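Data block below; observations after.
Everything numeric in this text was worked out from a predicted model, so none of it was measured. The analysis underlying the following values was restricted to heavy atoms, covering all of them including side chains, and did not include hydrogens, waters or symmetry mates.
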Amino acid sequence: MTFRFRAAAALDMRRKQEDTARLALAVAEQAVNAATQQAKAAADRVSDEGRKLVDAQREGTEAWRVQWHRAWIERQRTDAATRAREVNDRSVEAGAAAALTRDAMKKRRVLERLRDRSWRKFQKDEHDQHVRDMNELATLRFVAQIAEEGGTRAD
């Protein structure tokens with residue numbers, strides 16, 4: 001008799017789901033990293049432009065150029081805020097992907113524990129059957145020995 005786990009197809013499906021979830025998590029984490037880098041770059045641009053404005057004012061420049069620079073800095077701040085929101089959005093998505101990955105892993109582990117339990121039961125049943133077969137063989141040998149001796153032991 002060979003061991004056959006009836007839910008093997010379901011276990012394979014759970015493994016594939018977990019692999020897919022892990023891949024989605026990796027993609028989400030990469031998106032978080034990319035968004036974080038973009039947000040840092042945007043924040044650095046705001047700082048750089050602020051320094052440029054201060055330097056221009058120190059050197060004495062036209063009023064229109066100062067106004068233009070302030071508007072440009074405001075645009076950079078808006079971009080930085082947008083990038084910060086994107087980091088937050090990507091982080092939320094990564095959290096959801098992590099939750100899906102944990103759920104997929106939990107479902108896979110449930111089936112693996114069921115398979116392991118079934119395997120142990122199969123092994124125990126095999127052992128018990130072996131013991132019964134050996135007992136039956138010993139009984140048959142004993143009966144055959146008694147029959148060869150021509151009677152019963154009680155004689």
Problem - Co-membership, hydrophobic cluster, residues Leu111 and Leu100, 4.5 Å side-chain - result: no
Practice task
Please lay out, stage by stage, how Gln129 and Asp133 fare under the test side-chain hydrogen bond (donor to acceptor under 3.5 Å, both in side chains).
Solution key: CA-CA 6 Å; Gln129 183 62 46; Asp133 291 346; 2.8 Å; yes
Completion exercise
Only one of Arg115, Arg108, Arg109 passes side-chain hydrogen bond (donor to acceptor under 3.5 Å, both in side chains) with Glu112, and that residue is Arg108
Exercise for the section: Using only heavy-atom distances, determine whether the side chains of Arg85 and Thr82 contain a donor-acceptor pair under 3.5 Å. Expected result: yes
Fill in the blank from the handout: Across all chains, not counting sequence neighbours, the side chain to side chain contact (heavy atoms under 4.5 Å, CB included) partners of Ala43 are none
Handout entry: Heavy atoms of other groups near Arg6 CZ, more than 12 under 6.0 Å
Key = no
Handout entry: Linked, directly or transitively: Val92 and Val87 (ILVMFWY side chains, under 4.5 Å)
Key = no
Exercise for the section: Could you tell me whether Asp12 and Arg15 have a side-chain N and a carboxylate O separated by less than 4.0 Å? Expected result: yes
Handout entry: Euclidean distance, Met13 CE relative to Gln17 CD, rounded to 0.5 Å
Key = 4.5 Å
Completion exercise
Between Ala94 and Ala28, the two heavy atoms sitting closest are CA-CB, 3.7 Å
Problem - Minimum heavy-atom distance Val32-Ser91, with the two atoms named - result: CG2-N, 3.6 Å
Practice task
Would you check if Arg75 and Trp72 make a side-chain contact, meaning some heavy-atom pair closer than 4.5 Å?
Solution key: yes
Exercise for the section: Check whether any side-chain N or O of Thr61 sits under 3.5 Å from a backbone N or O of Gln57 as a donor-acceptor pair, and report yes or no. Expected result: no
Handout entry: Residue pair Arg58 / Asp55, side-chain heavy-atom distance below 4.5 Å
Key = yes
Exercise for the section: Write down the atom of Arg90, the atom of Ala35, and the distance for their closest heavy-atom approach. Expected result: CG-CB, 3.9 Å
Handout entry: Worked verdict on Glu74 versus Arg77 for salt bridge (charged side-chain N to carboxylate O under 4.0 Å, His left out)
Key = CA-CA 5 Å; Glu74 189 56 38; Arg77 283 184 183 141; 3.7 Å; yes
Practice task
State, without any angle test, whether Glu29 and Asn33 hold a side-chain donor-acceptor pair at a distance under 3.5 Å.
Solution key: no
Practice task
Identify the heavy atoms of Ala80 and Val46 that sit nearest to each other, and give their distance.
Solution key: CB-CG2, 4.1 Å
Practice task
Can you measure from CG (Asn88) to CZ (Arg83) and round to the nearest 0.5 angstrom?
Solution key: 14.5 Å
Exercise for the section: Only one of Lys52, Arg45, Arg51 passes salt bridge (charged side-chain N to carboxylate O under 4.0 Å, His left out) with Asp48; say which it is. Expected result: Arg51
Handout entry: Distance, nearest 0.5 Å, that separates CG of Leu25 from CZ of Arg102
Key = 9.0 Å
Practice task
Output all residues satisfying side chain to side chain contact (heavy atoms under 4.5 Å, CB included) with Arg120, sequence neighbours left out; order by chain, then residue number.
Solution key: Asp116, Arg117
Practice task
State plainly whether one hydrophobic cluster holds both Val110 and Leu11, where clusters connect Ile, Leu, Val, Met, Phe, Trp and Tyr through side-chain heavy atoms under 4.5 angstrom apart.
Solution key: no
Problem - Audit row: Lys40, Gln37, side-chain contact (heavy atoms from CB on, under 4.5 Å) steps and yes/no - result: CA-CA 5 Å; Lys40 185 182 179 321; Gln37 290 174 352; 5.7 Å; no
Handout entry: Separation of Asp128 CG from Lys121 NZ (nearest 0.5 Å)
Key = 9.5 Å
Practice task
Nearest 0.5 Å please: distance from the CG atom of Leu53 over to the CD atom of Gln67.
Solution key: 9.5 Å
Practice task
Can you label the angle between the Phe3 ring and the Phe5 ring as parallel, tilted or perpendicular, going by 30° and 60°?
Solution key: parallel
Problem - Crowding at CD, Glu136 (>12 non-hydrogen neighbours, <6.0 Å) - result: no
Handout entry: From NE2 (His69) to CD (Gln76), nearest 0.5 Å
Key = 9.5 Å
